[in-house]
Amino acid sequence: MTHGLQELLKAVLASPYTLPVIYGVVIVAVLPLVAGYVVLVERKVMADMQARLGPMRVGPHGLLQPIADAVKLLLKEDIIPEKADVWIFWLAPLVSVTAGMLALAPVGIGPAFQIARDINVGILFVAGISSLGIFGIVLGGWASNSHYSLMGALRSAAQLVSYETAAGMALVSGLLLGGSLQIRALVEEQAKQGVWFVALAPVAFFIYLVASIAETNRAPFDLPEAESELVAGYMTEYSGFRWSLYFLAEYANMMVVGSVATTIFLGGWLRPFAGVGGAAGTALDCLPGALLLGVAGYCLYRAPKQPVAVQKLVMVAVAGLCAALAAALLAPVFVAQALWMKPGIHGAFWFLLKVGGYIYLFMWLRFTLPRYRFDQLMRLGWYFLIPVSIVNVMGIGIALVLHWERGMHLALALGLTTLMTLAVAGVLVRAELKREEQLRQGAAGDAYAG
Amino acid sequence: MAETTQNGAGQAGSGSAPHTLLGADELILNMGPQHPSTHGVLRVKLKLDGERVAGSECVIGYLHRGVEKIAEHRSYQQFAPYVDRMDYVAAVSNGLGYCEAVEKLMGVEAPPRAKVIRTLLTELQRIASHLLWLATHALDIGALTPLFYCFREREEILKILEKYCGARLTTHAFRIGGLQYDAYDTMEKDVERFCADFLKRIVEYEDLLTGNRIWLGRTKGVGVLSGEDAIAMGVTGPVLRASGVQWDIRKAMPYAAYDQFEFDIPIGKNGDTFDRYVVRMEEMRQSVRICRQAIGKIPAGPILAKVGKVLKPPVGEVYHAIEAPKGELGYYIVSDGTVQPYRVRIRPPSFVNLQAFDKMARGHLVADVVAIIGTLDIVLGEVDR
Amino acid sequence: MLDKVIFYFFAAIAVGSALLMITRRSAVHSAIFLTTTLLATAGIFLQLRAEFLFIVQIILYVGGIMVLFIFVIMLVNLDVAAQQIQYSRQKWVALALALALAGQVGAMLWRAGKLPGQGLLVRGVPAAESLPPNAEAVARSLFGPYMLSFEIASLLLLVAMIGAVVMAKKKV
């Protein structure tokens, strides 16, 4: 009996489907927690920029706020509008959140840890599946049977169609340089060339940055849920758990676009100057550990200043955690026996740091900029981003041909074509400024014709 | 199935509204009375073609309390606190208008010291009101952060008001005939400190907004109101001045102590939302200028003119208007010689300015509707009374 | 074994939702079932290790269906449409066509069974790792032997796009 069980266990472990399933369960279990804490970080960052404190009540410095919020959302009444299309109303948030989570599957957090597996259309998979999430938004907005929701849904659909093209073109630029769709191959190519693709294709990175903000419906492109115009856009009629699913989907999507940008443009799990070895390389390897040690030291320094004993304890605990992580990060650098840990743990550190930085940029923009108007959003997409991204792809293609066929230095060729792209962008911007000037002098009332 | 689809489309297209862009139905959208950016309980019925406004109708009255009727059953002093509740973000200005109107009716004049202190507080209140406008207007257009910065500065003003009269929002700061409270000891120092800080801070707001391309795109050419239209509809205040009409009651018919101070009246050129923004920003600077002139020049003397405990104005009627932060705030009071007014009619600037809304919003998008409501700077307590 | 389970799972979904698609009264419900059908087909592609086709199917149809949704929402008066009779005069024509198609497929399957080794039945698939990356394989065949037809197809799409732009310009 026990023997049979062991056999079964062995067979299950040997199956190629086992690990992906486990990883899937881990994503579904961990992602909500991570998203909750990203929300907390966002609120804290926002408070810092707005001269206030942010959540402070639940736990020390509001550290338990996400859990309190989650409990509140789960216990809230689930309101379904009377004339809503009940089935679609139920289904829509699930579609959004499933797409967001599924898209994370092939993302590689380090050379040793790919969330599911390295399928050979990795980047396309991430981009394609994550755009399925829009279905949830459109369906939810339609099913709510409310005008605000419907307008949010329509805006969202139009926004996706407009910006998906630009984002796709920007990705193509990166893929041309990497020569593969596979996530691991893309990062390895950047390691081989010794340079992140953001340096080779800055325009493409910029376009992807803008388009990804628009695709995740974040400010200044948050028109589908524009609070001051459409109340909450497609989420207006949702409450409680279903509402939190939409929220979760939004943050999952932020992580997805952050991961894609990091993988293609920011060198994935590579540390800065990945090619540098020797003493300088060792110094760079020490950076993550030193950073965390610094955080630990700061926490210890602040601990006596906390007003309540519990807060002091938590500060010390956080410091201990950081110190432990620092030890784990430093060990492979100095101890030969721990060297096998290095790619995994350091890769994960750099990858998460870069994704975090990307998401921080999103937050920063959100608190700084006003919101675009819908026609302006469309103009920006169709009249600027799409033409520039197409020219950029052509430029990179030309540069690669010059490099391969004529043996021109890659950086030189890319520099020339980037200048060309920038020139086109300049012409477009000037035309736009001229048009605005004309509009201002002419009939100001008809600012939206065309 | 295909045929069904065509039939449906045909009916929608040919039947109800053939003039919309795609021949689709017009959408009636009820904005408010519960909506994040209608600034209270304004309800706007929008007729939409897609997202474009084909027509609009403002439904008001959700905050109607019958203030004018209440006045007929209160003595003159008793009614004074009620006016604070009209434009509740500029209570001091409301009080000034009412007190001066009753004083005019009775033929008394506040002593010079009271006049200067009134002017000082009213200008502080103007800054506070404009700050609240800037905060909410920027929030409506999607800029989150100016809200908190503006409230930080407004807090300083409210603190000064609190130190002066004990209340922050509905202050009831003035009395008929002058003041009840004299300026507190450090008031001039507080105001001076506020003015110095504020001039630095206002630069920060302009850094965040004035040159921002998104902000320019959202405000320039939006909600244009020509000078003639503005005059024809009786629009007053910053909205009128942004349309290029130089009309400010503080200059045209000076009241309180405004004739003693130097200040400019900023005017705009195009009458769009951006001009209104610029005009109000400049007005805040001018208010600081007035406050700084008032500091150190508050004359000594009594703060209350000789008025009896029971006010019995002679039979007659009076109209007195002041330049409230939102425009011309007028009080028309009819006295029948008793302790209670026979009739009080209030001309609230928000109510009159709101008339221009349909003209400004037509042809714009839903997002602009929000910007236009914000730029009109209405307070529903005042619209509905 | 698992391959077969996955295949029949997706196939059942595809057929079932295709049936639901043509029988639903609400146009939006139909569109949702159309999406489900297409996604299930994509799943079958994935089961066949055609990862590139799988993802292209998803990416293309997301945009396409989105436009369909918008048309349904904006142009179809759903309340009216739901009242109307669903199967109109096309009923018999459609039945005849469906039967003809079924006959054709059946005949093909029957013949395939007769010629062992050349059938349409799913053969054993080599492990994914041993296959060449099929994005490259698709690219090679598109820009190699099928260059001409590929270019003709893109030209056709371009013409359609220009046509749409011209028509839209005229109307506004």
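Treat the numbers as computed from the prediction; the structure is a model and nothing was measured. Below, chain A is the first sequence line, B the second, and so on; all start at residue 1.
Interface residue A:Ile88: only side-chain heavy atoms are found under 4.5 Å from chain C.
Using a 4.5 Å heavy-atom cut-off against chain A, the contacting residues of residues 35-45 of chain C are C:Thr35, C:Leu39.
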Quick one, A:Phe135 with C:Ile32, criterion side chain to side chain contact (heavy atoms under 4.5 Å, CB included). Give me CA distance, side-chain angles, the key distance, then yes/no. CA-CA 9 Å; A:Phe135 271 128; C:Ile32 290 172; over 6 Å; no
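Contacts classified as salt bridge (Lys or Arg N to Asp or Glu O under 4.0 Å) and involving residues 145-155 of chain C (residues at least two apart or in different chains) are not found. Note on residues 144-164 of chain A: pairs passing salt bridge (Lys or Arg N to Asp or Glu O under 4.0 Å), not counting sequence neighbours, are A:Arg155-A:Glu229, A:Arg155-B:Glu51.
Taking A:Glu189 as the reference, A:Lys192 meet the salt bridge (Lys or Arg N to Asp or Glu O under 4.0 Å) condition, with sequence neighbours excluded.
Between C:Ile55 and A:Phe125, the shortest heavy-atom distance links the atoms CD1-CA, 3.4 Å.
To the nearest 0.5 Å, atoms CZ (C:Phe54) and CG (A:Leu124) are separated by 10.5 Å.
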